[in-house]
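If you read the sequence from its start, that first residue is 1, and numbering goes on from there.
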Amino acid sequence: MNIIIAINNSYVEPAMTMIYSLWYNNKTINIDVYLMYSDLNASNISKINSFIKKLDLMKIHLVYVEDCIFSDAPISKWWSKEMYYRIIAFDLLPKNVNKALWLD
């Protein structure tokens with residue numbers, strides 16, 4: 001199962017909660033999580049990597065998105081630039097990924 005999420009430094013804890021819930025409810029399925037980001041510091045990347053390594057059958061794939069992409073897109077308190085990544089998600093994923101579920 002391929003899952004796509006897009007987060008920034010403000011959404012690390014909720015994303016980890018969602019990832020844990022996904023794993024807990026699907027413990028017998030191989031899950032590849034493609035985490036798209038442009039604004040994650042090294043500490044948060046390490047935190048997420050360490051967390052996911054503890055979850056059997058789950059792998060994380062970090063997908064860096066250039067900060068200049070969507071730099072002119074309108075954002076607000078509720079809409080981050082990361083929400084726009086779904087528009088170009090399949091351009092950023094490996095070519096062998098032919099379907100994935102986007103989770104917010």
Side-chain angles (χ1 to χ4, degrees):
M1 175 187 309
N2 297 311
I3 302 296
I4 306 170
I5 62 173
I7 66 170
N8 57 34
N9 284 310
S10 299
Y11 198 69
V12 171
E13 294 297 326
M16 288 171 52
T17 300
M18 184 275 301
I19 289 167
Y20 180 79
S21 177
L22 176 67
W23 170 80
Y24 185 82
N25 291 292
N26 297 282
K27 289 182 182 177
T28 61
I29 299 172
N30 289 316
I31 301 173
D32 289 285
V33 177
Y34 293 89
L35 190 152
M36 298 186 172
Y37 73 98
S38 63
D39 180 26
L40 272 182
N41 60 40
S43 174
N44 281 330
I45 290 172
S46 178
K47 186 178 192 177
I48 292 167
N49 276 323
S50 295
F51 174 72
I52 288 188
K53 283 181 184 176
K54 297 174 187 173
L55 306 178
D56 293 334
L57 302 176
M58 185 173 276
K59 291 185 215 164
I60 186 89
H61 307 275
L62 299 175
V63 180
Y64 178 73
V65 180
E66 293 290 330
D67 200 33
C68 61
I69 299 175
F70 300 115
S71 61
D72 294 334
I75 60 172
S76 71
K77 182 178 178 181
W78 300 277
W79 293 0
S80 67
K81 67 180 172 193
E82 289 80 13
M83 75 167 206
Y84 293 102
Y85 295 172
R86 69 189 73 212
I87 297 170
I88 60 168
F90 278 96
D91 293 332
L92 301 173
L93 294 178
K95 298 302 177 203
N96 65 323
V97 177
N98 61 2
K99 64 181 175 177
L101 176 63
W102 182 283
L103 294 178
D104 282 328

Inter- and intrachain pairs under salt bridge (charged side-chain N to carboxylate O under 4.0 Å, His left out), touching residues 2-18, at least two apart = Glu13-Lys47
Common cluster, [X]/[Y], ILVMFWY with side-chain heavy-atom separation under 4.5 Å:
{"X": "Ile31", "Y": "Tyr34", "result": "no"}
{"X": "Ile3", "Y": "Val97", "result": "no"}
{"X": "Leu57", "Y": "Tyr24", "result": "no"}
{"X": "Ile7", "Y": "Val33", "result": "yes"}
{"X": "Tyr11", "Y": "Trp23", "result": "yes"}

task = Could you check if a side-chain atom of Leu93 sits within less than 4.5 angstrom of a side-chain atom of Asn2, using non-hydrogen atoms only?
result = no
request  = Return the set of residues passing side chain to side chain contact (heavy atoms under 4.5 Å, CB included) with Met18 (not counting sequence neighbours), or none when no residue passes.
outcome  = Ile5, Leu103
task = Under the side chain to side chain contact (heavy atoms under 4.5 Å, CB included) rule, collect the residues that match up with Leu92, sequence neighbours excluded.
result = Met36, Val63, Val65, Ile88
request  = Could you pull out all residues at least two apart from Asp39 that satisfy side-chain hydrogen bond (donor to acceptor under 3.5 Å, both in side chains)?
outcome  = Asn9
inquiry  = Taking side-chain hydrogen bond (donor to acceptor under 3.5 Å, both in side chains) as the definition, give me every residue that meets it alongside Lys27, ordered by chain and number, with sequence neighbours left out.
reply    = none
key: Any pair counted as side-chain hydrogen bond (donor to acceptor under 3.5 Å, both in side chains), so long as it reaches residues 89-99, sequence neighbours left out   = none
note = Residue pairs passing the side-chain hydrogen bond (donor to acceptor under 3.5 Å, both in side chains) test with at least one member in residues 49-65, sequence neighbours excluded, are Asp32-His61
Separation between [atom1] of [X] and [atom2] of [Y], rounded to the nearest 0.5 Å:
{"X": "Ile52", "Y": "Tyr20", "atom1": "CD1", "atom2": "OH", "result": "13.5 Å"}
{"X": "Leu40", "Y": "Ile48", "atom1": "CG", "atom2": "CD1", "result": "5.0 Å"}
{"X": "Met58", "Y": "Ile19", "atom1": "CE", "atom2": "CD1", "result": "6.5 Å"}

inquiry  = Taking salt bridge (charged side-chain N to carboxylate O under 4.0 Å, His left out) as the definition, give me every residue that meets it alongside Asp104, ordered by chain and number, with sequence neighbours left out.
reply    = Arg86
query = Between Tyr37 and Asn44, is a side-chain contact (heavy atoms from CB on, under 4.5 Å) present by the stated rule, with each step listed?
reply = CA-CA 11 Å; Tyr37 73 98; Asn44 281 330; over 6 Å; no
Pairs where residues 85-104 contributes a residue and the test ring pair (Phe, Tyr, Trp, His ring centres under 6.0 Å) is met, not counting sequence neighbours = none
